[in-house]
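Below you'll find the structure, written out as structure tokens, and then a few comments.
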2 protein chains.
Amino acid sequence: MQIPEGESRGSQLLPVLSRLGRLLREIEGPDYPSSVATAVLRKLTDEGPGRVTDLARLTRVSQPGMTQLIGRLEKADLVRRVPDPDDRRGVLVEVTEAGRKLLNRTYVHYAAVLDEMFEQLSPDDSDAVIRALPALARLAQAGEERRSGPAR
Amino acid sequence: MQIPEGESRGSQLLPVLSRLGRLLREIEGPDYPSSVATAVLRKLTDEGPGRVTDLARLTRVSQPGMTQLIGRLEKADLVRRVPDPDDRRGVLVEVTEAGRKLLNRTYVHYAAVLDEMFEQLSPDDSDAVIRALPALARLAQAGEERRSGPAR
DNA sequence: TATTGTTATACTCTATAACTATA
DNA sequence: TATAGTTATAGAGTATAACAATA
């Protein structure tokens, strides 16, 4: 081990978080949308049609990047572009029925994989993870606010 | 919310894990190596020179994919290829001093970002996260073994 | 024959710069 | 002028198929 030995909380969290992240990326097979695409489908499903610019900001990809992603999703019939009646420069992106179904399938698949992993864990470990979820969620929120507050 | 409301442990973990994963990907700026590259640099730093095939298996990328990654890392002077004296088909990849330094800088940067996030958390939440780390590590391990056992 | 690694090729995802149309 | 979105182009990252050299 050549790394500065971890005493700070961040140093302790880092290796575990890295492993979990790598895991998540592995579950993401070619049959399921990328994490950014999933975030877009989720937002459109939960909150209705949205602007390209807003989706780009939400997922922190560039505006052209979002145009391109929407193009791929539209080609796959997962979303649809409709003109924005209030601003003729813009478009509204809305999720299709196929998009909603894929989002659902993705969610079920991921949850099933995670459930399988929990089955390998002792009851104590399972409980410890579940009990920490609210704190972990707030940690994630702190991270999301880290840049969106100061920057932009 | 159109998603099947989560009662299983996997369903509860999924949204939190997704947010943490997205966060990790955001911290990974263009100034730092990708997660696969980081895993390679870490392995070479911790355990000495390694074969392309072993690095590919470790990180679960294809053998050509690893050849290409090593090519990019070598061009950036982060690793170096040396002939394997024991098997003339193979090469040994070893990390350079610049590679070690970058790995260290990456580690420090990530840990610092996570520390910043912890500072936004209440002491109770911080403790809850830290206490859950061993269980989370075992969960990650269960995931890593999920495919490596049965498959391959 | 099997294994190690590479080359050839293609596809996804993402970025920056330059552009068009509307406000 | 500023904003919304697109097009053009380039690069990282990854895969499969075909190949060369060695075991």
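Throughout, protein chains are lettered first and strands after them, A, B, ... in sequence-line order, and every chain is numbered starting at 1. No experiment lies behind these values; they were computed from the predicted model shown.
- For the pair Asp54(B) CG and dT3(C) P, the interatomic distance rounds to 14 Å; values are reported in whole Å.
- With salt bridges taken as basic N to acidic carboxylate O contacts below 4.0 Å, none links Arg25(A) and Glu28(A).
- Under the 3.5 Å distance criterion, the side-chain polar atoms of Gln12(B) are left unmatched by any main-chain donor or acceptor of Ile130(A).
- In this structure, NZ of Lys75(A) is placed 10 Å from C1' of dC11(C), rounded to the nearest angstrom.
- Rounded to an integer number of Å, the gap from CG of Asp31(A) to P of dT12(C) is 14 Å.
- When rounded to the nearest whole Å, the span between CG of Asp87(B) and C1' of dA2(C) equals 12 Å.
- With the nearest nucleotide of DNA chain C identified for both Ser34(A) and Asp86(A), Ser34(A) has the one nearer the 5' end.
- Interface limits on DNA chain D: the 5'-most and 3'-most nucleotides within less than 4.0 Å of chain B heavy atoms are dG13(D) to dA23(D).
- The aromatic rings of Tyr32(A) and Tyr110(A) sit perpendicular to each other, their planes meeting at more than 60°, with 30° as the lower class boundary.
- Under the 4.0 Å criterion applied to side-chain N and carboxylate O atoms, Arg51(B) and Asp84(B) are assigned as salt-bridge partners.
- Whole-Å rounding puts the Leu55(A) CG to dT14(C) C1' distance at 16 Å.
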Where do N or O atoms of nucleotides 7-10 of chain C meet protein N or O atoms at under 3.5 Å, pair by pair?
none

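- No option in Asp54(A), Val40(A), Leu58(A) other than Val40(A) meets the side chain to side chain contact (heavy atoms under 4.5 Å, CB included) test with Met66(A).
- Counting only distance, with no hydrogens or angles, the side chain of Glu47(B) and the backbone of Lys43(B) share no donor-acceptor pair below 3.5 Å.
- Contacts of Arg51(B) with the nucleic acid, taken as non-hydrogen atoms under 4.0 Å apart, involve only primed sugar atoms and P, OP1 or OP2.
- Rounded to a whole Å, the CZ atom of Arg89(A) is 17 Å from the P atom of dT20(C).
- At a threshold of 4.0 angstrom between heavy atoms, the contacts of Ser62(A) include nucleobase atoms, whether or not backbone atoms are also involved.
- Atom P of nucleotide dC13(C) and atom CZ of Arg25(A) are separated by 15 Å, given to the nearest angstrom.
- You'll find the side chain of Glu144(B) reaches within 4.5 Å of the side chain of Leu23(A), heavy atoms only.
- A donor-acceptor contact under 3.5 angstrom links the side chains of Ser126(A) and Arg9(B), judged on distance only.
- The existence of a salt bridge linking Glu74(A) and Arg80(A) is excluded, since no basic side-chain nitrogen approaches an acidic carboxylate oxygen closer than 4.0 Å.
- In this structure, CZ of Arg22(B) is placed 16 Å from C1' of dT14(C), rounded to the nearest angstrom.
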